[in-house]
Amino acid sequence: MACNCSLANVLGVGLVITLSLFHDPINVAGQNIPAVALFTFGDSNFDAGNRMFLAGTRFPQNFWPYGKSRDDPNGKFSDGRIVPDFIAKFMGIPHDIPPAFKPGANVSRGASFAVDSASILGTARDSLNLNNQVRRFNQMISNWKEDFITKSLFMISIGTEDYYNFTKNNPTADGSAQQAFVISVISRLRNNIEMLYSSGASKFAVYTLPALGCLPIVRQEFNTGNDCYEKFNDLAKQHNARLGPMLNDLARARSGFQFTVFDFYNVILRRTQRNMNFRYSFTNVSCCGIGSHNAYGCGRPNVHSKLCEYQRSYLYFDGRHNSEKAQEQFAHLLFGANPNVIQPMNIRELITYPVNTNMSEYWKEPAVGRNLLLVNEYDVNTSSL
């Protein structure tokens, strides 16, 4: 049976205590978690407000109704907090992870280098691609000691812009063209991760792409109604199939390289197709926006976008970003779920894994024929919590 993941159940599971694998721990929220930093890289899913500071102007995400749940529109694409904010809390970091490009930001426990509209291959206006984000990190690296960086967590979520733009610009691309593009994206992603490793990073948590064809903005733009745009999903699946093996290769080739992969694709698909199991009334449309799926214009001036009455019943807050409720669920999965969701270890295990030690397990391709929509996301019986 699938996990009945009410918020109370998920919160309970997130506090399960596991054995610490590192030396000289501190105690955080009942868990042995080292006092390390969190660094995030990628696109709008992880952007903590950087784009405003890069461009010197405000964007829709800096205005209401973004931040609605906390009355704090601060450049994040959500009605409240985003995944890294919750991960930081679980790590015992006493504040949300700040945007790296905010003048005077307290970056002692990490920073977000992610920027809205970022991609792996290209460079959008007023944004930074992944390579440039890594370069900015290297420019700021004197803020942290080398051994502190090695112990810290590096989270990466990127690629949506690459495949979104490829699909729109190449609507008739055949299988060979798609494969060539995926290979180029994965190769560049590997190069950027190797740059971070060369700068001292050793612990990486990397997102797969979500079910891109199921985003409300994609359903709306490609007029698919209640169906997902499967051509877009197929590209995401091709990317995801190459991500784990690429990271396995790095872990085998680079001493002390440690990683885990978050199966964001199936996490989203489970909630899309079995929404009531996860307490969502709406997964095909967004809470804020206009159009057939309320997917466009949230926060934009001169756009009379609709706003739902209760955002916690929605999987998506705007056309491509999840609600705070979903973000918190994802964070608990990242920190404490089983290998059906994140493998070869969850973030709590990754943080506490001894540094300068090679991994004992690697990413494994799911068994052929296994229905990932029906798996349990935790090893414990959440219904008893």
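Reckoned from all heavy atoms, side chains included, excluding hydrogens, waters and symmetry mates.
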Could you tell me the separation between the CD atom of Q133 and the CD1 atom of I156, rounded to the nearest 0.5 Å?
9.5 Å

Identify the two heavy atoms, one from C308 and one from Y314, that lie closest to each other, and give their separation to 0.1 Å.
CB-CE1, 3.4 Å

State, yes or no, whether a side-chain contact exists between E328 and V83 at a heavy-atom distance under 4.5 Å.
no

Walk me through whether I342 and L333 qualify under side-chain contact (heavy atoms from CB on, under 4.5 Å).
CA-CA 8 Å; I342 181 168; L333 290 174; over 6 Å; no

For residues L196 and L128: do they belong to one hydrophobic cluster (side chain heavy atoms under 4.5 Å, members Ile, Leu, Val, Met, Phe, Trp, Tyr)?
yes

Donor-acceptor contact present, side-chain Q220 to main-chain H293, <3.5 Å
yes

Would you call P84 and L38 a side-chain contact if the rule is heavy atoms closer than 4.5 Å?
yes

Looking at every non-hydrogen atom in both residues, tell me the closest pair between I97 and R109 and how far apart they are.
CD1-O, 3.9 Å

Whether the N294 and S286 side chains hold a donor-acceptor pair (N or O, under 3.5 Å, no angle test) is what I'd like checked.
no

For a side-chain hydrogen bond (donor to acceptor under 3.5 Å, both in side chains) with N192, tell me which candidate from N131, N132, N129 qualifies.
N131

Do NZ/NE/NH1/NH2 and the carboxylate oxygens of K76 and D85 come within less than 4.0 Å?
yes

Below 4.5 Å, heavy atoms only, C-beta onward: do L350 and F204 meet side chain to side chain?
no

Checking side-chain contact (heavy atoms from CB on, under 4.5 Å) for the pair S360/Y353: CA distance, chi angles, key distance, verdict?
CA-CA 10 Å; S360 59; Y353 204 88; 3.5 Å; yes

Straight-line distance of N233 CG to N240 CG, nearest 0.5 Å:
10.0 Å

Shorter than 2.5 angstrom, is that how the SG atoms of C228 and C214 come out?
yes

Determine, stepwise, if the pair D318 / H321 fulfils side-chain contact (heavy atoms from CB on, under 4.5 Å).
CA-CA 5 Å; D318 66 14; H321 304 99; 2.9 Å; yes

Looking at N165 and D162, would you say the former's side chain and the latter's main chain have a donor-acceptor pair under 3.5 Å?
no

Over-ring placement of R320 relative to Y164, 6.0 Å and 45° cut-offs
yes

Roughly how far, to the nearest 0.5 Å, is CZ of F232 from OH of Y163?
10.0 Å

Aromatic rings F257 and Y197: how do their planes relate, parallel, tilted or perpendicular, breaks at 30° and 60°?
tilted

Going by side chain to side chain contact (heavy atoms under 4.5 Å, CB included), F330 matches just one of I87, N322, N45. Which one?
N322

Within a reach of under 6.0 Å around NZ of K102, are more than 12 heavy atoms found that belong to other residues, nucleotides or ligands?
no

Between H332 and F90, does a ring pair (Phe, Tyr, Trp, His ring centres under 6.0 Å) hold up when you go through it step by step?
CA-CA 9 Å; H332 279 284; F90 302 159; 4.7 Å; yes

Do the rings of W144 and F39 sit parallel, tilted or perpendicular, given the 30° and 60° boundaries?
perpendicular

Using the rule that Ile, Leu, Val, Met, Phe, Trp and Tyr join whenever any side-chain heavy atoms are under 4.5 Å apart, tell me whether F41 and I149 fall into a single cluster.
yes

Transitive ILVMFWY side-chain link L212 to V285, under 4.5 Å:
no

So, does S108 use its side chain to make a donor-acceptor pair with the main chain of N106 at under 3.5 Å?
no

For S78 and R81, indicate whether the former's side chain and the latter's backbone hold a donor-acceptor pair under 3.5 Å.
yes

Do N275 and L315 have side chains that get closer than 4.5 Å, going by heavy atoms?
no

Distance in Å, N284 CG paired with Y316 OH, rounded so as to fall on 0.5 Å steps
9.0 Å

Taking all non-hydrogen atoms of both residues, which atom of S305 and which atom of C288 are closest, and how far apart?
OG-SG, 4.1 Å

Is a side-chain N or O of D47 found less than 3.5 angstrom from the main chain of V115, in a donor-acceptor match?
no

Ignoring hydrogens and angles, tell me if any N or O in the side chain of Q273 forms a donor-acceptor pair with the backbone of R270 under 3.5 Å.
no

Any donor-acceptor pair under 3.5 Å from K325 side chain to R279 backbone
yes

Any donor-acceptor N/O pair, D79 side chain to S323 backbone, under 3.5 Å
no

Mind checking whether L121 and S184 have side chains closer than 4.5 Å, heavy atoms only?
yes

Does the pair D234 and K237 meet the rule for a salt bridge (Lys or Arg N to Asp or Glu O under 4.0 Å), with working shown?
CA-CA 5 Å; D234 288 343; K237 286 188 282 190; 3.6 Å; yes

Is it the case that Q329 and Y280 place a side-chain donor and acceptor less than 3.5 Å from each other?
yes

Any side-chain heavy-atom pair from S117 and R51 closer than 4.5 angstrom?
yes

Would you check if R254 and E194 make a side-chain contact, meaning some heavy-atom pair closer than 4.5 Å?
yes

Between OH on residue Y362 and CG on residue L247, distance to nearest 0.5 Å
12.0 Å

Kindly indicate whether a cation-pi arrangement holds for R271 with F278, taking the cut-offs as under 6.0 Å to the six-membered ring centre and within 45° of the axis.
yes

Search all heavy atoms of G110 against all heavy atoms of A37 and return the closest pair with its distance.
N-CB, 3.6 Å

Closest heavy-atom pair, D263 versus N340, reported as atoms and distance to 0.1 Å, is OD2-O, 4.2 Å

Run the ring-centre check on F46 versus Y207 and record whether the distance is less than 6.0 Å.
yes

Is the Y66-F317 ring centre distance short of 6.0 angstrom?
yes

Could you check if a side-chain atom of T160 sits within less than 4.5 angstrom of a side-chain atom of S119, using non-hydrogen atoms only?
no

What verdict does the side-chain hydrogen bond (donor to acceptor under 3.5 Å, both in side chains) test give for Q311 and E324, after you've listed the backbone C-alpha separation in whole Å, the side-chain angles of each residue and the deciding distance to 0.1 Å?
CA-CA 8 Å; Q311 58 270 23; E324 183 186 60; over 6 Å; no

Using atom types as modelled and distance alone, determine if a side-chain donor or acceptor of T260 lies under 3.5 Å from a backbone N or O of A205.
no

Please assess M195 against R135 for the test side-chain contact (heavy atoms from CB on, under 4.5 Å), listing each intermediate value before the final yes or no.
CA-CA 9 Å; M195 284 180 62; R135 292 178 184 276; 4.2 Å; yes

Using side chain to side chain contact (heavy atoms under 4.5 Å, CB included) as the criterion, point out the one residue from S112, P98, S127, S44 that pairs with N50.
S112

Going hydrophobic residue to hydrophobic residue with side-chain gaps under 4.5 angstrom, can you get from I158 over to I183?
no

If I compare all heavy atoms of L243 with all of T208, which pair ends up nearest, and what's the gap?
CD2-CA, 3.9 Å

Gap separating the CG atom of L235 from the OH atom of Y229, nearest 0.5 angstrom
9.0 Å

Are the side chain of N358 and the backbone N or O of G256 linked by a donor-acceptor pair below 3.5 Å?
yes

same_hphob_cluster(M246, V206) at 4.5 Å side-chain heavy-atom cutoff
yes

